[in-house]
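Worksheet: the structure to be examined is printed underneath.
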Amino acid sequence: GTYYSVDHKVKYNQRKNYKVQLITILYGYRGVMRYGCSDTAEKWLYYKPDLPQISGPSNACIGDTANYTVSNADTGTIYEWYKKQGDPVPFNKGKTYKKFPLTKSDTFYVRGNNHGCLTNYRMVILNVNAYPASLTVKNDSVCSGSKANLKGNTNVGSIEWYETDISTALLYTGTVYQTPVLTRDTFFWVQANNKGCVKSPRVKVLARVGA
């Protein structure tokens with residue numbers, strides 16, 4: 001849209017790729033274009049994408065699936081996933097990546113590529129944890145008006161205590177749970193949780209209360 005300009009400069013306001021044309025005209029003696037000679041050169045100008053922001057888990061469990069997405073994907077940009085920085089070939093291309101089945105912790109890198117305009121690498125760290133293999137409990141018997149000491153153990157992770165088998169309100173975390181003062185037989189429920197890898201179902205623990 002700019003005429004009779006040499007070494008023209010323009011700043012574009014929108015983040016997109018632009019095709020620029022330079023039309024060169026040698027006018028004839030009559031001074032009109034149809035009697036002159038012209039040539040056209042074209043060049044694409046590509047913008048540099050933003051550093052990719054990755055949404056997905058930082059912790060997962062062995063045997064599960066981890067899904068990752070570039071949440072700020074730029075139009076026209078190809079996202080390349082690498083095992084390490086500097087690898088010549090990405091192991092995945094696109095805005096999403098599904099990793100399964102998970103067997104161990106891993107680190108990988110993502111960058112945006114818009115026709116050679118590259119972002120820096122974004123590092124993604126995934127910690128993969130094992131599900132607890134065992135969960136044992138020990139009941140307690142007390143007199144009415146006393147507190148009971150209930151026990152739970154697991155091979156890995158922590159013990160979490162709940163009032164019911166479906167409650168979301170956590171009562172306590174630890175291997176020994178001291179109940180409030182009890183006047184009747186009362187059940188509690190425990191689960192083993194290793195950094196979000198939970199062994200199901202919950203196990204019932206009984207506090208027996210005698211007169």
Side-chain angles (χ1 to χ4, degrees), residues 49-74 77-113 118-140 148-179 186-207:
D50 287 333
L51 182 67
Q53 303 293 327
I54 308 300
S55 62
S58 57
N59 289 282
C61 306
I62 291 177
D64 289 357
T65 299
N67 293 291
Y68 295 93
T69 303
V70 179
S71 57
N72 64 331
D74 284 309
T77 298
I78 297 174
Y79 291 92
E80 301 170 336
W81 305 69
Y82 295 87
K83 292 293 184 182
K84 60 182 180 180
Q85 297 185 46
D87 279 354
V89 179
F91 67 84
N92 180 62
K93 288 185 178 182
K95 293 186 292 185
T96 61
Y97 170 51
K98 178 184 290 186
K99 184 175 178 62
F100 69 96
L102 300 177
T103 58
K104 61 180 180 179
S105 297
D106 196 9
T107 301
F108 48 91
Y109 301 85
V110 188
R111 73 176 180 183
N113 185 347
L118 305 174
T119 70
N120 292 328
Y121 288 96
R122 167 71 70 182
M123 182 172 65
V124 181
I125 299 175
L126 172 62
N127 298 300
V128 177
N129 307 292
Y131 281 100
S134 64
L135 175 56
T136 58
V137 298
K138 186 176 181 180
N139 301 325
D140 195 13
N149 291 307
L150 306 176
K151 297 180 181 180
N153 282 286
T154 182
N155 66 307
V156 63
S158 59
I159 300 295
E160 298 176 340
W161 298 79
Y162 296 88
E163 285 189 339
T164 70
D165 60 337
I166 60 173
S167 173
T168 58
L170 181 64
L171 294 176
Y172 178 73
T173 300
T175 56
V176 179
Y177 172 56
Q178 187 175 75
T179 70
T186 306
F187 290 107
F188 295 90
W189 297 81
V190 296
Q191 68 181 20
N193 186 345
N194 182 29
K195 299 178 181 179
C197 302
V198 178
K199 180 176 175 59
S200 298
R202 294 177 182 174
V203 176
K204 183 188 296 185
V205 192
L206 172 63

Audit row: T179, T186, side chain to side chain contact (heavy atoms under 4.5 Å, CB included) steps and yes/no: CA-CA 9 Å; T179 70; T186 306; over 6 Å; no
Side chain to side chain contact (heavy atoms under 4.5 Å, CB included) between Y162 and L170, worked out: CA-CA 5 Å; Y162 296 88; L170 181 64; 3.7 Å; yes
Start with the C-alpha gap between V137 and L206, add the side-chain angles, then the distance that decides, and say whether side chain to side chain contact (heavy atoms under 4.5 Å, CB included) holds. CA-CA 9 Å; V137 298; L206 172 63; over 6 Å; no
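Minimum heavy-atom separation, Y79 to D74: OH-N, 2.8 Å. Nearest heavy-atom pair across E163 and W189 is O-CD1, 3.4 Å. Shown here for A130 and C197, the closest heavy-atom pair between the two residues is O-CB, 3.7 Å. For the pair I54 and W81, the tightest heavy-atom approach, listed with the atom from each and the gap, is CD1-CH2, 4.4 Å. Annotation for L135 and Q191: closest pair CD2-CA, 4.0 Å, computed over non-hydrogen atoms. A pairwise comparison of heavy atoms in P52 and V70 identifies CB-CG1, 4.0 Å as the closest pair.
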Side-chain donor/acceptor pairs under 3.5 Å, residues 86-99, sequence neighbours excluded:
unit_1 : atom_1 : unit_2 : atom_2 : d
D87    : OD2    : K84    : N      : 3.3
N92    : ND2    : T96    : O      : 3.2
K99    : NZ     : D106   : OD2    : 3.1

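Taking OG of S158 as the reference point, atom NZ of K195 lies at 10.5 Å (rounded to 0.5 Å).
Contact check for Y177 versus V205: no side-chain heavy atoms found under the 4.5 Å cut-off. Considering only heavy atoms from C-beta on, F188 stays 4.5 Å or farther from N139 through its side chain. Counting heavy atoms from C-beta outward, V110 and T119 have side chains that stay 4.5 Å or more apart.
With sequence neighbours excluded, the residues forming a side chain to side chain contact (heavy atoms under 4.5 Å, CB included) with N149 are D140, V176, Q178, listed by chain and number. Among residues two or more places apart in sequence or in another chain, the side chain to side chain contact (heavy atoms under 4.5 Å, CB included) test is passed with V128 by I62, L102, S105, L126. Contacts of Y121 classified as side chain to side chain contact (heavy atoms under 4.5 Å, CB included), with partners at least two apart in sequence or in another chain: Y82, Q85, Y109, R111. In terms of the side chain to side chain contact (heavy atoms under 4.5 Å, CB included) criterion, residue partners of I125 (sequence neighbours excluded) are, by chain and number, T107, M123, N127.
Screening residues 53-64 for side chain to side chain donor-acceptor pair (under 3.5 Å), with sequence neighbours left out, gives Q53-R122, D64-Y131.
Around CD1 of I78, the count of heavy atoms belonging to other residues, nucleotides or ligands within 6.0 Å does not exceed 12.
For N194 (side chain) and V156 (main-chain N/O), no donor-acceptor pair under 3.5 Å exists by modelled atom type.
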